[in-house]
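Everything numeric here is computed off the predicted structure, so don't read it as measured data. For this chain, numbers begin at 1 and follow the sequence in order.
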Amino acid sequence: MKKITKYFKGVAQEARRVRWPHKKELLASVVTVCAVSIVAALIIYFEDWITIQILRGFEDAFPQASSSSSSSEEVAQALLKLFR
């Protein structure tokens, strides 16, 4: 029990030593994180969209001749239907 109390006392001492940001600094950091997150999400979205367009192009260029297909082709077909 002594070790646990000693640990939490140490945590409290370190928390008092921390230099907490002012309101302006915090707001600037939050805006930066949000902007970077939005840009990253848009990049991922457009990369995904381009990949789907490429897969659709292959699907149109090389249609399946028979009704039997392998499991990987079935998965690809399911993914294409999902994103249409």
Side-chain angles (χ1 to χ4, degrees):
M1 189 67 178
K2 272 187 170 184
K3 287 184 179 182
I4 295 173
T5 1
K6 184 179 177 182
Y7 171 77
F8 282 110
K9 283 183 182 180
V11 168
Q13 285 176 349
E14 287 297 321
R16 280 186 233 114
R17 291 181 195 169
V18 171
R19 182 194 155 294
W20 299 101
H22 294 289
K23 203 174 200 175
K24 284 184 179 181
E25 293 171 332
L26 181 62
L27 183 61
S29 296
V30 168
V31 168
T32 302
V33 167
C34 289
V36 169
S37 297
I38 290 170
V39 168
L42 287 173
I43 289 171
I44 291 171
Y45 171 80
F46 284 117
E47 287 176 348
D48 184 49
W49 182 81
I50 289 170
T51 303
I52 290 170
Q53 296 306 314
I54 291 170
L55 288 175
R56 285 185 184 159
F58 280 123
E59 183 183 49
D60 293 341
F62 305 106
Q64 289 183 340
S66 65
S67 62
S68 65
S69 62
S70 69
S71 62
S72 62
E73 290 175 347
E74 290 173 358
V75 170
Q77 292 297 324
L79 286 172
L80 286 171
K81 287 179 184 176
L82 179 69
F83 289 108
R84 282 190 179 170

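Here Val18 is tied into one hydrophobic group with Trp20, each link being a pair of ILVMFWY side chains closer than 4.5 Å. Annotation for Ile4: hydrophobic cluster partners, listed by chain and number, are Tyr7, Phe8, Val11 (ILVMFWY side-chain heavy atoms under 4.5 Å, direct or chained).
Of the inter-residue distances, the one linking Ile44 atom CD1 with Phe46 atom CZ reads 12.5 Å to the nearest 0.5 angstrom. To the nearest 0.5 angstrom, Lys24 atom NZ is 13.5 Å from Leu26 atom CG. Remark: Thr32 OG1 to Leu27 CG distance equals 9.0 Å, nearest 0.5 Å.
Counting only heavy atoms from C-beta outward, the side chains of Lys6 and Lys3 never approach each other to under 4.5 Å.
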>> Apply salt bridge (charged side-chain N to carboxylate O under 4.0 Å, His left out) to residues Glu14 and Arg17 and explain how you reach the verdict.
In response: CA-CA 5 Å; Glu14 287 297 321; Arg17 291 181 195 169; 2.9 Å; yes
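Each of Ile50, Thr51, Ile52 was scored for a side chain to side chain contact (heavy atoms under 4.5 Å, CB included) with Ile54, with one residue passing: Ile50.
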